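These figures come from a predicted structure and were not determined experimentally.
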Amino acid sequence: MATEIEPARGFRALDPCVHCGFCLPACPTYLATGDEADSPRGRIVLMRALERGELPADDPALNEHLDACLGCRGCEPVCPAGVGYGQGIEAARTLLAARRGLPIKARAVLAVFRYRWLWRPLLTMARWFRDTGLARRLSGKHQFGFSMAMLASSREGSSDRWTAGPPEDSHSGIVSPVSSVLHVPPVVTTVALFTGCVMSELYGHVHAATRRTLQANGYRVIEVAGQVCCGALHAHAGDQAAAAALAQRNLAAFDGQADFVVVNSAGCGALLKEYGHLVAGAAAAGFGSRVKDISELLAERGPRSGAALNLDVAYDAPCHLQHAQHIQLPPLAVLGAIPGARVRLLSGSDRCCGSAGIYSMLEPGMSRAVLADKIATIAEAVPRPTVVATGNPGCLMQIGAGLIVDGLPMEARHPVELLDESYRRAGFYTT
């Protein structure tokens, strides 16, 4: 039964706005264009005009500026009035989708991700193509080349060049592979892994690292059949009916399966936690409280330290982890459990990379403009990072592609991959 996330309810979340302008320096698109209509404050004026009927749904300027919004919600933490901008932009896009319809490209992409029998073979073929190495060879700065670089960046990287940390940084409790395995904490919590769509087919290595690191910290990980795409792409585009239908299937699949549902994709996690706003009923509301990002679960157990790695790590916060889920410290705790790793937050690390789900396909120019500053900051960092760590597939692909096309000798990796390598070298795993 579809729900309460209706346009009227979403527009009410904009009521506290007093147009103070604190949101302007937090908005990546405003910083890219300098246009007031590309700021949260300016877009709220446009959304209100749409709500009141002062601007029609087919108004070109209205569509230009609302479509250009990343939906990163970076404006929310800096807003002194507590404006629910994220709810407002989704309400506006729901209204636009109902009145004008979705753009053809958006409809095509969303149709694929609505059905597992469509996205699974397509993403599987993309993975096969990626693994031939052709995607990386075809990478370039033009639109097609950048899409190839995004695909190439999703491939599991090599950790062979990551050297061990200095002896004084090594974890003193590690004496041998055998004794390390014997000291695995007792299992007290069962978690079900949300596999998703892009993560499932392009980032299976991150799922494997998630399972291993959780088990090493005393969690029992189970697999759940019948789960589908989380619906975030649909919800953010305004297709609430499709998002609700996918949510209902996931709710049925995970019903009574585990203590918690673990997610390693920030975008998926943000929507899964808000299923109570998308689907009516106590089951949906209760489900959200059981959803945990992988960093939250690991941080609750420490996490335990592994072997030392001599790495310079730049942590870049996914928008839907930091702004939507308000998770800031747990990913740093995960990285902090790696002795020898020097973790930094570069300027703009809390700002959107420009990926934003399918945004990079629909608005490639703005997407690349937003990414440019982030890549420049990474390139100018002294010392240069060995790895850029971020916990969302879209961010991994977007930042990873930027590093590839700019020829920077580093990779974008999920934080749990780094911890997993530290655990592997510590001998925590028997296989």
Side-chain angles (χ1 to χ4, degrees), residues 1-3 5-7 10 57-58 63 66-71 89-130 135 143-144 146-148 150-151 154 194-203 225-253 263 265-272 274-275 277-279 284 320 354-364 366-367 392-394 397-398:
M1 168 179 12
T3 166
I5 239 190
E6 297 170 348
D58 60 355
N63 283 280
L66 293 190
D67 287 350
C69 176
L70 290 152
I89 191 66
E90 286 198 9
R93 286 175 171 169
T94 299
L95 198 59
L96 288 171
R99 292 182 180 176
R100 70 166 192 197
L102 291 168
I104 293 174
K105 187 185 290 187
R107 283 206 308 273
V109 174
L110 296 178
V112 167
F113 284 99
R114 184 163 183 177
Y115 303 105
R116 184 181 179 88
W117 59 268
L118 276 176
W119 61 254
R120 188 170 188 181
L122 287 175
L123 288 176
T124 297
M125 287 189 287
R127 185 181 73 245
W128 291 343
F129 178 75
R130 175 200 70 186
Q143 188 172 340
F144 173 77
F146 194 81
S147 67
M148 289 293 99
M150 291 183 74
L151 181 59
S154 69
F194 181 79
T195 54
C197 45
V198 173
M199 288 299 294
S200 173
E201 300 306 319
L202 297 184
Y203 287 96
Q227 54 178 300
V228 292
C229 171
C230 68
L233 301 178
H234 306 80
H236 299 327
D239 190 353
Q240 298 296 319
L246 292 167
Q248 288 169 332
R249 291 184 62 184
N250 283 323
L251 289 169
V263 191
S265 164
C268 297
L271 188 72
L272 291 170
E274 295 180 352
Y275 268 6
H277 295 161
L278 194 61
V279 175
H320 280 83
S355 174
I358 62 173
Y359 183 94
S360 60
M361 288 185 275
L362 303 180
E363 303 283 342
M366 182 67 79
S367 175
N392 189 62
M397 295 176 78
Q398 177 88 343

Here the gap from Phe146 atom CZ to Leu151 atom CG, rounded to the nearest 0.5 Å, amounts to 12.5 Å
Shortest non-hydrogen pair, Ala237 vs Leu102, comes out as O-CD2, 3.3 Å
Would you check if Met125 and Arg120 make a side-chain contact, meaning some heavy-atom pair closer than 4.5 Å? no
Q.
How about CZ on Arg249, more than 12 heavy atoms from neighbouring residues, nucleotides or ligands closer than 6.0 Å, or not?
A. no
For Gly354 and Ser360, the nearest pair of non-hydrogen atoms, with its separation, is O-CB, 4.2 Å
Separation between CZ (Arg99) and CG (Asp58), nearest 0.5 Å, reads 10.5 Å
Q: Might you work through the side chain to side chain contact (heavy atoms under 4.5 Å, CB included) test for Trp119 and Val198, ending with a clear yes or no?
A: CA-CA 9 Å; Trp119 61 254; Val198 173; over 6 Å; no
Gln398 versus Ser367: any side-chain heavy-atom pair under 4.5 Å? yes
query: Can you tell if the side chain of Ser265 reaches within under 4.5 Å of the side chain of Tyr203, non-hydrogen atoms only?
result: no
CD (Glu90) and NE2 (His236) are apart, to the nearest 0.5 Å, by 5.5 Å
ask   = Can you find a heavy atom in the side chain of Leu362 that is under 4.5 Å from one in the side chain of Val109?
value = no
N/O donor-acceptor pair under 3.5 Å between Gln240 side chain and Ala235 backbone:
yes
**Item:** Asn392 side chain to Gly267 backbone, donor-acceptor under 3.5 Å
**Value:** yes
- [ ] Check for a donor-acceptor pair, side chain of His234 on one end and backbone N or O of Leu110 on the other, with a separation under 3.5 Å.
- [x] yes
Could you tell me if the side chain of Leu123 sits less than 4.5 Å from the side chain of Phe113, heavy atoms only?
yes
Is it true that a side-chain atom of Arg93 and a backbone atom of Leu66 form a donor plus acceptor pair closer than 3.5 Å?
yes
Note to self: Keeping Arg127 on the side-chain end and Glu201 on the backbone end, is there a donor-acceptor pair under 3.5 Å?
What the structure shows: yes
(Q) Has Tyr275 got a side-chain atom pairing as donor or acceptor with Cys230's backbone, closer than 3.5 angstrom? (A) yes
> Looking only at atom types and distance, does a side-chain atom of Tyr359 sit under 3.5 Å from a main-chain N or O of Pro364, one as donor and one as acceptor?
Replying inline: no
Nearest heavy-atom approach of Leu118 to Ala111 is CD1-O, 3.9 Å
Would a distance-only check, ignoring hydrogens and angles, find a side-chain to backbone donor-acceptor pair under 3.5 Å from Gln227 to Thr195?
-> yes
Working note: Arg130 + Leu202, criterion side chain to side chain contact (heavy atoms under 4.5 Å, CB included); need CA distance, chi angles, decisive distance, verdict. CA-CA 9 Å; Arg130 175 200 70 186; Leu202 297 184; 4.1 Å; yes
Here the gap from Met361 atom CE to Gln143 atom CD, rounded to the nearest 0.5 Å, amounts to 10.5 Å
CG (Asp239) and OG1 (Thr94) are apart, to the nearest 0.5 Å, by 8.5 Å
Validation row: Met199, Val263 side chains within 4.5 angstrom (heavy atoms)
no
message = Measuring only between side-chain heavy atoms, which start at C-beta, is Leu271 closer than 4.5 Å to His320?
response = no
- Task: Could you check if a side-chain atom of Cys229 sits within less than 4.5 angstrom of a side-chain atom of Arg116, using non-hydrogen atoms only?
- Result: no
